[in-house]
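First up is the structure itself, then whatever we jot down about it.
First the proteins, then the strands, lettered A, B, ... as listed; each starts at 1.
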Amino acid sequence: MTDRKTKLAVWKFASCDGCQLSLLDCEDELLAVAGAVEIAFFPEATRAKVRGPYDISLVEGSITTEHDAERIKTIRKQSKFLVTIGACATAGGIQALRNYANVDDYISIVYATPAYIDTLSKSTPIADHVFVDYALRGCPVNKYQLVEVLNAYLHARKPNIASYSVCVECKRRGVSCVMVAHGTPCLGPVTQAGCGALCPAYNRGCYGCFGPMETPNTAALSAQWQEMGQTEPELVRAFRGFNAYAEAFRKESEAHEHADH
Amino acid sequence: MSTQTIKVDYLARVEGEGGLFVKIKDDWVTDVKLKIFEPPRFFEGFLRGRSFTEAPDITARICGICPIAYQMSSVHAMEQAIGVKVDGQLRALRRLIYCGEWIESHVLHVYMLHAPDFLGYPDAIAMAADYPEVVKNGLRLKKIGNHLVTVVGGREIHPINVRVGGFYRVPTKRELQVLVDDLKWGRDTSIEMVRFTAGLPFPEFERDYEYVALRHPDEYPYNEGRLVSNKGLDIDISAFDQTFVEEHVEHSTALQSMIRERNAYFVGPLARYNLNYDKLPPIVQQVAREVGVDGPVNNPFKSIIVRSLETLFAYDEALRIIEAYEPPEKPSVAIEPRAGTGYGCTEAPRGILYHRYTIDDEGIILDAHIAPPTAQNQRTIEHDLRYFVQEALDLPKDQLTWQCEQAIRNYDPCISCSVHSLRLEIERE
């Protein structure tokens, strides 16, 4: 590395702004981050703009328009290291529920003049369009994991982020299993850690914000849920949440949609 | 004949994607468009077929800055649909978490998005070089608001603890007590925030607006009240759809709202403040008098002062709620689905956020409708710009463009919300 500061850019596609807000929510670290990198493009925070190329691009949001499908390619060309932040960028987000429906129906529900609306039939993750160097999960991302990714990049090492399940975090936090102890359906056994087992700690089942863990056994979990009395439509809805289009959750939801009972 | 356009392709320091287009012909502003090109996400489409219990978590994802507002409007609507009332300490806890969101959102806007305009900086980080204490205090004020949301809600963005009927788990008395010292610091410091913002230079700009906000008989509004205006509107929230109309215009993926047979209206801190000043506690009224904004405020640039006063109010209200807090026996009331329609309207940091749902006997959503505050303000913002640019035509283009952006940021527009958007273009002919 030279003494030139790392140039950071933050980009937005279809999303709620929450993941990039996580960067501004690093109240204790923000001025330190701003000291360590050059914030070259971050419209939510600054009207100043520095031209590319950029060393690191954080990309929030999913691809839902033709224009955005082109824009991400331009961003990729200008970026040395591209990180997707959050469930929208990494898996298509909650708006990927359109992928299971006819988007024209949705347009006519919301808009009086459908001709004004330009949209693709599917909401897709960034990695379906360009090569992604690192994918940070979460709806929203965990801000400490976000700082860890930046820190790892600045020190040329791999981010220390686990791909095991929420169950591990529950055990570590000393939370009793909400499925075993209270009979509450929980996606924790198939969901990647990162939130700190937040929902079980608040007496509710995990709803899958961080998407599928590495090699999840979704079928076994579904069987367990069914033993607890959950119906097929409930299973479909559970897997079709904020990571509905992540492969493992998509396949499991489809298995229950087409099941005959 | 000369034509000039002012264009901002991608507005900065707003939440979401939008731009501005202004067309000037022979020294007259002939067209103003607040362009909203945030891609549509179709929440009202995919909410159909989901369970009524899922609405608070799903609609929170419309906006990462004000998820509590979406959770509150949706739980109130669903509770009305199934005939359940949440009262006592559970109601107080909902107010408490809303206090946290107002603090976090207002402080973010005042210090990081809006104040740099008044002082001529591109952003708060550049501003921090010259105003280190101001920015540091701002960051701490924001952090305390976020912490309050985290303690009650589990995390600051998309909290997990809010549900139809109440909460999954309620905080212990001690979990809230430990916040008191920070909240007291925040209350004191937000008085400084009011004084700081009141000392900023303000353009002379006033218009005759119709302000719309909730009004409650006993309190400054968060979750409940009637919808009132300074021009005679006084309705139950269930009359929202008969009173306001939405229009779909070509340059916006957000639907623009109007009062039926009248025109644009104004929601947000200025509207709340002008309509509910008498409900503010003495500490807020006293500081307002000190800085000379105790009467109606009709200059939208001064919304930054009102946001600071509401931050002071939210700190004070949070302390009052914690003082009186006794953990309720149960974290939520029992909920059973039944067919019906319910309405929710609460005061998001940016103004009234309206939800309407129709559900069936199983609690499955048949129809959903959401009117976010920025979409309701979009037409008022365009009108502001039309007047503002007309008066400021002699300014150099760079400066005029920046001031137009500042005028838009008066509304703290949340474009992600309004599309469930900004770019500036000025064209001179």
* **Side chain, backbone, both or neither of B:Asp367 within contact of chain A (heavy atoms, under 4.5 Å)** => neither
* chain B interface, residue from A:Leu30, A:Val103, A:Ile107 that has the most non-hydrogen pairs under 4.5 Å -> A:Ile107
* Asked: In terms of heavy-atom proximity below 4.5 Å to chain B, should A:Asp28 be classed as side chain, backbone, both, or neither?
  -> side chain
* To do: Show the numbers, then the answer: is there a side-chain contact (heavy atoms from CB on, under 4.5 Å) between A:Tyr207 and B:Ile160?
  => CA-CA 9 Å; A:Tyr207 59 94; B:Ile160 52 87; 3.4 Å; yes
* Decide side-chain contact (heavy atoms from CB on, under 4.5 Å) for B:Leu108 and A:Glu44; before the verdict, give the C-alpha distance in whole Å, the side-chain angles of both, and the deciding distance to 0.1 Å. => CA-CA 11 Å; B:Leu108 171 77; A:Glu44 184 166 290; 5.6 Å; no
* **Note: B:Asp123-A:Arg47 ion pair, threshold 4.0 Å (strictly below)** => no
* Side chain to side chain, A:Thr46 and B:Ile125, heavy atoms closer than 4.5 Å -> no
* Cationic tip of B:Arg61 above A:Phe242 ring, under 6.0 Å, 45° of axis -> yes
* Structure fact -> So CZ of B:Phe46 and OG of A:Ser123: to nearest 0.5 Å the spacing works out to 9.0 Å
* Check whether B:Arg163 gets within reach of chain A through its side chain, its backbone, both or neither, counting any heavy atom under 4.5 Å. => neither
* Asked: Between A:Asn142, A:Leu24, A:Thr65, which has the largest tally of heavy atom pairs under 4.5 Å with chain B?
  -> A:Leu24
* Please tell me if the side chains of A:Thr119 and B:Pro39 come closer than 4.5 Å, counting only heavy atoms from C-beta onward. => no
* Would you mind telling me which of B:Glu54, B:Lys136, B:Arg140 has the largest number of heavy-atom pairs within less than 4.5 Å of chain A? => B:Glu54
* Are B:Arg169 and A:Tyr202 in a cation-pi contact, defined as NZ or CZ under 6.0 Å from the six-membered ring centre and within 45° of the axis? -> yes
* **Reported CD1-to-CD distance for the pair B:Ile62 and A:Gln95, which is rounded to 0.5 angstrom** => 11.0 Å
* **Atom NZ of A:Lys143 with >12 non-hydrogen neighbours under 6.0 angstrom** => yes
* Asked: Out of A:Asn203, A:Ile39, A:Leu21, which one racks up the most heavy-atom pairs below 4.5 Å with chain B?
  -> A:Leu21
* Contacting moiety of A:Ala201, where chain B heavy atoms sit under 4.5 Å -> backbone
* Once you round to the nearest 0.5 Å, how far does CD1 of A:Ile94 lie from CZ of B:Arg41? -> 8.5 Å
Result block: side-chain N/O donor-acceptor pairs under 3.5 angstrom for residues 145-155 of chain B, not counting sequence neighbours:
residue	atom	partner	partner atom	Å
B:Asn146	ND2	A:Asp25	OD1	3.1
B:Asn146	ND2	A:Glu27	OE2	2.8
B:Thr150	OG1	B:Asn146	O	2.9
B:Thr150	OG1	B:Glu156	N	3.4
B:Arg155	NE	B:Ile157	O	3.2
B:Arg155	NE	B:His158	O	2.8
B:Arg155	NH2	A:Cys139	O	3.2
B:Arg155	NH2	B:His158	O	3.4

